[in-house]
Amino acid sequence: MKSVKLGEHKFQEYLSAEVIANKVAALGAKINNDYTSDDPPIVIALLNGAFIFAADLCRQFDFECQLQLLRVSSYKGMESTGKVKIDHDAEPDMNNRHIIIVEDIVDTGNTLAAYLPTLKTKGAKSVKVCTLLLKPEAVQHDLELAYVGFEIPNKFVIGYGLDYNGRGRNLGAIYSIMANK
Ligand code: 5GP
């Protein structure tokens, strides 16, 4: 089993790059079934964590799509701060468009619970969420998640875009924190 060390923490491989790639392909196929080039969605990827997932996912699409990267933040180290900052200035015009929000991971759900209601006034035809990872034991909000890659235990993970204090995003696999001995 592969492991990596970041600072004082050790992480072990949890989802290999191959397992992730297969899941991204499966999610892409599902999304291709739900949209057409006549009325393609705008894909809004929430930064920083979702940048790699969004890049891989949108290359699975058969339809031509607009991709917008949107900076949101709520995490410091391994804890959600509960306060969500959203860069609304970077939002595209959503009027009369389908929207797919792409998240790396839904943990407490604070980010989506803060962001999704703000879309209600933007005139979108539909809003769906695609998240690669979901921690069902950690979610504190009733969220509708149209596309979910993996349900995972309530443990801190890194890799494939996910960081620990800015490190680990470039790892191809996803790694789960190991107990400190
Ligand atoms: P939520 O608002 O659902 O609690 O978390 C949203 C954001 O927190 C995610 O998009 C991600 O950036 C960060 N986050 C949540 N859980 C984890 C985790 O296990 N590892 C890392 N690296 N980031 C996480």
Side-chain angles (χ1 to χ4, degrees), residues 1-17 19-20 23-24 27 31 42-58 67-88 90-91 99-120 127-180:
M1 181 64 72
K2 287 177 212 154
S3 66
V4 292
K5 204 162 180 243
L6 292 186
E8 69 280 24
H9 294 290
K10 221 174 164 191
F11 298 81
Q12 68 183 4
E13 189 178 287
Y14 177 64
L15 298 168
S16 70
V19 164
I20 297 169
K23 184 62 79 175
V24 172
L27 287 170
I31 293 172
I42 300 176
V43 176
I44 300 181
L46 303 187
L47 294 177
N48 291 330
F51 78 110
I52 289 182
F53 174 45
D56 285 347
L57 183 69
C58 73
L67 176 69
Q68 182 70 41
L69 307 174
L70 190 70
R71 199 173 171 77
V72 295
S73 57
S74 67
Y75 246 63
K76 249 197 172 153
M78 295 196 191
E79 299 289 329
S80 170
T81 62
K83 276 191 207 138
V84 180
K85 282 194 264 168
I86 300 159
D87 178 11
H88 288 290
E91 283 179 328
I99 305 293
I100 303 177
I101 306 295
V102 176
E103 258 283 37
D104 50 354
I105 183 166
V106 176
D107 178 31
T108 61
N110 287 339
T111 305
L112 288 176
Y115 184 50
L116 293 176
T118 70
L119 299 182
K120 293 218 164 95
V127 178
K128 285 190 184 178
V129 176
C130 177
T131 183
L132 180 63
L133 305 172
L134 167 67
K135 291 182 187 167
E137 296 153 32
V139 180
Q140 295 170 14
H141 303 270
D142 189 13
L143 297 169
E144 206 176 309
L145 304 172
Y147 312 101
V148 176
F150 302 96
E151 294 196 355
I152 66 168
N154 193 6
K155 275 184 157 188
F156 190 76
V157 290
I158 57 161
Y160 197 68
L162 291 146
D163 74 313
Y164 170 51
N165 281 341
R167 298 174 61 190
R169 291 194 198 278
N170 60 316
L171 295 164
I174 290 176
Y175 294 77
S176 176
I177 193 152
M178 293 166 79
N180 270 335

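Atoms within a ligand are numbered from 1 in the order they appear, just like the ligands themselves.
Of the possible polar contacts, one joining the Gln68 side chain to the Ala90 backbone as a donor-acceptor pair under 3.5 Å is found.
For ligand 1, the atoms closer than 4.0 angstrom to any heavy atom of Val106 are 3 (O). Interface of Thr111 with ligand 1, defined as ligand atoms under 4.0 Å from a residue heavy atom, comprises 1 (P), 2 (O), 5 (O), 6 (C). Of all atoms in ligand 1, numbered sequentially from 1 with element shown, those under 4.0 Å from a heavy atom of Asn110 are 1 (P), 2 (O), 3 (O). Under a 4.0 Å criterion applied to the non-hydrogen atoms of Thr108, ligand 1 contributes the atoms 1 (P), 2 (O), 3 (O), 4 (O). In summary, the atoms of ligand 1 found under 4.0 Å from a heavy atom of Glu103, numbered by their order in the structure, are 10 (O). Proximity to Leu162 (heavy-atom distance under 4.0 Å) selects the following atoms of ligand 1: 21 (C), 22 (N), 23 (N). Annotation for ligand 1: atoms under 4.0 Å from non-hydrogen atoms of Lys135 are 16 (N), 17 (C), 18 (C), 19 (O). Near Asp163, the atoms of ligand 1 lying under 4.0 angstrom from a non-hydrogen atom of the residue are 21 (C), 22 (N).
The distance criterion of under 3.5 Å between nitrogen or oxygen atoms is met by Gly109 with respect to ligand 1.
Using cut-offs of 30° and 60° for the angle between ring planes, the Phe11 and Tyr164 rings count as tilted.
Separating the NZ atom in Lys10 from the CE atom in Met178 is a distance of 5.0 Å, to the nearest 0.5 Å. To the nearest 0.5 Å, atom CD1 of residue Ile174 and atom CD of residue Glu13 are 10.0 Å apart. Atom CG in Leu112 sits 7.5 Å away from atom OG1 in Thr131 (nearest 0.5 Å).
Test Val102, Val129, Ile99, Leu119 against Ile44 for side chain to side chain contact (heavy atoms under 4.5 Å, CB included) and you get one pass: Ile99.
Heavy-atom neighbours of Asp142 CG from other residues, nucleotides or ligands within 6.0 Å: at or below the threshold of 12.
Contacts between Asp104 and ligand 1, counted as non-hydrogen atom pairs separated by less than 4.0 Å, involve the side chain only.
The shortest separation from a heavy atom of Leu46 to ligand 1 is not under 4.0 Å, leaving the residue out of contact. In this structure, Phe156 has a heavy atom closer than 4.0 Å to ligand 1.
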Considering only distance and modelled atom types, tabulate donor-acceptor pairs under 3.5 Å from the side chains of residues 143-152, sequence neighbours left out.
unit_1 : atom_1 : unit_2 : atom_2 : d
Tyr147 : OH     : Asp34  : OD2    : 2.6

